Amino acid sequence: MKTGRPSSVVFDVGNVLVDWNPRAFFARHIADPARLDRFLGEVATLDWHLQHDAGRPFAETSAELVARHPDEADNIRLWGERFVEQIGAVLPGMTAIVAELDRRGVPLYALTNFSHEFWPAFAARESDLFAPFRDILVSGEVRLIKPDPAIYALALDRFGLAPGEALFIDDRLDNVEAAERAGFVAHRFEDAATLRGVLERYGLL
């Protein structure tokens, strides 16, 4: 585990910078709570969606899923057609943290599990948020996903960072632990207030 004093910050995106909540979106389209539970728990599961983050085209994954669950064909297609609407607002306090880090000249990067097909529309929607970032590594573009050690090694190389130089922030413990093994100083995200305290301790804010 690296415990140095980082000079750069690498953010995860979903549930760190912005709120990703498929249930909130589909609750507006599936009125029956039991059907909603089944759709998200047995049909459009996180494991199924992870294929998009790994670079598989939605056309392929959705066709396979529709064949297994033809009764949910419309909702499955909706997942891809309106994916960006599953992503809510920037989480409280995070816009200010990004802006303050940028004003202090801290190099900012992002490393996100995200479909290469869904990313452009989302990045355009949040262009102001991402404007200070020097680079963003999108898993679907490189066909590697966290917590695969290879994506962390690629991030360090692509961002030009040495081990111990970057603080990596992610909401998932497995991703945080993998980042630490790869040479990042890492923090598991809970909320902006806690993160601010961590950034202040490292002298980044």
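Small disclaimer: the values here were computed from a predicted structure and weren't measured.
S62 places no side-chain N or O within donor-acceptor distance of the main-chain N or O of I76, the cut-off being under 3.5 Å. A donor-acceptor distance shorter than 3.5 angstrom exists from the side chain of R125 to the backbone of V84, with no hydrogens or angles considered. Under the 3.5 Å distance criterion, the side-chain polar atoms of E42 are left unmatched by any main-chain donor or acceptor of F39.
Counting non-hydrogen atoms of neighbouring residues, nucleotides and ligands closer than 6.0 angstrom, the CZ atom of R196 exceeds 12 such neighbours.
The CD atom of E180 sits 11.5 Å away from the CG atom of N175 when rounded to the nearest 0.5 Å. Taking CG of L101 as the start and CG of L167 as the end, the distance is 9.5 Å to the nearest 0.5 Å. Distance check: Y152 OH to F184 CZ gives 8.0 Å after rounding to the nearest 0.5 Å.
By the 4.0 Å N-to-carboxylate-O rule, K146 lies close enough to D12 to be salt-bridged with it. Electrostatic pairing of E81 and R77 does not count as a salt bridge here, judged by no charged N lying under 4.0 Å from a carboxylate O. At a threshold of 4.0 Å, the pair E117-R56 does not count as salt-bridged, since none of the basic side-chain nitrogens sits closer than that to a carboxylate oxygen. Classification of D174 and R188 as a salt-bridged pair fails, no side-chain N sitting under 4.0 Å from a carboxylate O. In summary, R35 and D71 do not engage in a salt bridge, as defined by a charged side-chain N under 4.0 Å from a carboxylate O.
Looking at residues two or more places apart in sequence or on another chain, you find a side-chain contact (heavy atoms from CB on, under 4.5 Å) between L91 and D19, M94, F189.
No close placement of the W20 and F118 rings is indicated, their centers lying 6.0 Å or farther apart. Checked against the 6.0 Å centroid threshold, F58 and H52 count as a close aromatic pair. A distance of 6.0 Å or more separates the ring centres of Y109 and F168.
The cluster map of Ile, Leu, Val, Met, Phe, Trp and Tyr, joined by side-chain heavy atoms under 4.5 Å apart, puts V198 and F11 in the same cluster. Criterion: ILVMFWY side-chain heavy atoms under 4.5 Å apart, direct or through other members. Under it, V13 and F83 are part of a common hydrophobic cluster. Follow the hydrophobic side-chain contacts under 4.5 Å out from V142 and you never reach I145; the two are in separate clusters.
When all heavy atoms are compared, the tightest approach of L108 to P132 is CD1-CB, 4.1 Å.
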Can you list the steps and then say if Q86 with N21 is a side-chain contact (heavy atoms from CB on, under 4.5 Å)? CA-CA 6 Å; Q86 295 183 27; N21 193 336; over 6 Å; no
